[in-house]
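Count residues from 1 along the sequence. The analysis underlying the following values was restricted to heavy atoms, covering all of them including side chains, and did not include hydrogens, waters or symmetry mates.
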Amino acid sequence: MMRIGEGYDVHPLVTGRQLILGGVKISYTHGLAGHSDADVLVHAICDALLGAAALGDIGTHFPSSERLYKDISSLKLLNRVCTMLEGSGFRPVNVDSTLVMELPRVSDYIYNMRRNIAKELKLDITCVSVKATTTEQLGFEGRGEGIAARAVAMIKEI
């Protein structure tokens, strides 16, 4: 049996934080605010995978009220999500994701994002897609107030 899930996440851009997307540190003047490392891309992927398995969402499993998750790498959370999937009898098949942001340009970082995500999901890099788009300066992303990410994931029974 194959199942599909979708995920969406948003974090505001602030000064004084590193910008981490797909587990990659991006050189930029702002970073994303959040309890963990605020990796909006990985959070959307986690939600897509959890949704596909009907296991809830990232906030249920890794609440911001837990000190254990303060500043944790979202790649560690992704690894734990993969373990949860396996415990429920599923494994990831592929992930397709999109970053929605005006700046910074991330095309030079996408391969490393894909590699990081594939490693945590035990997938070949060809099964992980990361894209980026702008909003043509419309909305909070276009004004540089935050970054959004969308993801879909397919899982299958093991």
Side-chain angles (χ1 to χ4, degrees), residues 3-82 84-85 92 94-121 123 128-155:
R3 297 172 91 172
I4 297 171
E6 64 95 20
Y8 175 76
D9 198 32
V10 174
H11 284 272
L13 282 163
V14 295
T15 57
R17 294 264 306 193
Q18 287 189 319
L19 179 59
I20 300 173
L21 298 170
V24 176
K25 291 179 184 174
I26 310 291
S27 179
Y28 193 54
T29 58
H30 291 72
L32 293 170
H35 187 67
S36 66
D37 65 4
D39 189 332
V40 68
L41 176 63
V42 173
H43 292 183
I45 292 169
C46 286
D47 270 349
L49 292 163
L50 289 166
L55 293 175
D57 62 31
I58 192 171
T60 300
H61 295 285
F62 312 109
S64 60
S65 58
E66 285 286 332
R67 288 189 45 76
L68 176 65
Y69 305 121
K70 179 73 176 144
D71 297 323
I72 192 170
S73 166
S74 294
L75 290 176
K76 288 183 181 179
L77 302 181
L78 184 60
N79 182 278
R80 292 180 189 178
V81 166
C82 193
M84 284 183 232
L85 288 178
N94 78 303
V95 171
D96 180 28
S97 60
T98 305
L99 286 162
V100 184
M101 56 198 288
E102 207 67 33
L103 290 172
R105 301 288 184 209
V106 294
S107 58
D108 292 342
Y109 300 98
I110 286 180
Y111 178 83
N112 288 333
M113 291 179 203
R114 292 176 61 215
R115 187 189 66 218
N116 290 343
I117 294 162
K119 178 182 175 192
E120 296 306 324
L121 296 179
L123 291 173
V128 176
S129 172
V130 175
K131 304 175 302 295
T133 190
T134 70
T135 61
E136 302 297 330
Q137 301 179 344
L138 297 173
F140 71 89
E141 302 101 326
R143 291 187 301 270
E145 296 169 9
I147 297 175
R150 298 179 184 279
V152 291
M154 180 173 284
I155 63 174

(request) Would you list the pairs meeting salt bridge (Lys or Arg N to Asp or Glu O under 4.0 Å) in which at least one residue belongs to residues 67-81, sequence neighbours left out? (result) Arg17-Asp71

(message) For the CG atom of Asn94 and the CD1 atom of Ile155, what is their distance to the nearest 0.5 Å?
(response) 11.5 Å

(request) Provide the closest heavy-atom pair for Pro92 versus Leu123 in the form atom of the first, atom of the second, distance. (result) O-CD2, 3.4 Å

(request) Please name all residues satisfying side chain to side chain donor-acceptor pair (under 3.5 Å) with Ser107, sequence neighbours left out, ordered by chain then number. (result) none

(message) Measuring only between side-chain heavy atoms, which start at C-beta, is Leu32 closer than 4.5 Å to Leu13?
(response) yes

(request) Quick one: pull up CD1 in Ile72 and CG in Leu77 and give me the separation to the nearest 0.5 Å. (result) 5.0 Å

Could you tabulate the donor-acceptor pairs under 3.5 Å formed by side-chain atoms of residues 41-52, not counting sequence neighbours?
{"unit_1": "His43", "atom_1": "ND1", "unit_2": "Asp9", "atom_2": "OD2", "d": "3.1"}
{"unit_1": "His43", "atom_1": "ND1", "unit_2": "His11", "atom_2": "NE2", "d": "3.2"}
{"unit_1": "His43", "atom_1": "NE2", "unit_2": "Ser36", "atom_2": "OG", "d": "3.3"}
{"unit_1": "His43", "atom_1": "NE2", "unit_2": "Ser74", "atom_2": "OG", "d": "2.8"}
{"unit_1": "Asp47", "atom_1": "OD1", "unit_2": "Ile58", "atom_2": "N", "d": "2.6"}

(request) With sequence neighbours excluded, tell me which residues meet side chain to side chain contact (heavy atoms under 4.5 Å, CB included) with Pro63. (result) Ser65, Glu66, Tyr69

(request) Please step through side-chain contact (heavy atoms from CB on, under 4.5 Å) for the pair Met113 and Leu99, ending with a clear verdict. (result) CA-CA 11 Å; Met113 291 179 203; Leu99 286 162; 4.1 Å; yes

(message) More than 12 heavy atoms of other residues, nucleotides or ligands under 6.0 Å from OH of Tyr8: yes or no?
(response) yes

(message) For Arg114, give me all partners under salt bridge (Lys or Arg N to Asp or Glu O under 4.0 Å), at least two apart in sequence or on another chain.
(response) none

(message) Rounded to the nearest 0.5 Å, what separates atom CG in Leu103 from atom NE2 in His30?
(response) 11.0 Å

(message) Just to verify, what does Lys131 make a side chain to side chain contact (heavy atoms under 4.5 Å, CB included) with, not counting sequence neighbours?
(response) Asp96, Thr98, Ser129

(request) Not counting sequence neighbours, list each pair that qualifies as a salt bridge (Lys or Arg N to Asp or Glu O under 4.0 Å) and has a residue in residues 99-109. (result) none

(request) Might you point out which heavy atoms bring Ala153 and Val95 nearest each other, and give the distance in Å? (result) CB-CG2, 4.1 Å

Ignoring hydrogens and angles, write down the donor-acceptor pairs under 3.5 Å from the side chains of residues 21-28, residues two or more places apart or on other chains.
none

(request) Could you tell me which residues satisfy side chain to side chain donor-acceptor pair (under 3.5 Å) with Arg115, sequence neighbours excluded, listed by chain and number? (result) Asn112

(request) Output every pair passing salt bridge (Lys or Arg N to Asp or Glu O under 4.0 Å) with a member in residues 132-148, not counting sequence neighbours, ordered by first then second residue. (result) Arg143-Glu145

(request) Could you check if a side-chain atom of Val10 sits within less than 4.5 angstrom of a side-chain atom of Phe140, using non-hydrogen atoms only? (result) yes

(request) With sequence neighbours left out, write down each residue that passes side chain to side chain contact (heavy atoms under 4.5 Å, CB included) with Ser64, or none if nothing qualifies. (result) His35

(request) Identify the two heavy atoms, one from His61 and one from Leu55, that lie closest to each other, and give their separation to 0.1 Å. (result) NE2-O, 2.5 Å

(message) So Tyr109 and Val130, do their side chains get closer than 4.5 Å, heavy atoms only?
(response) no

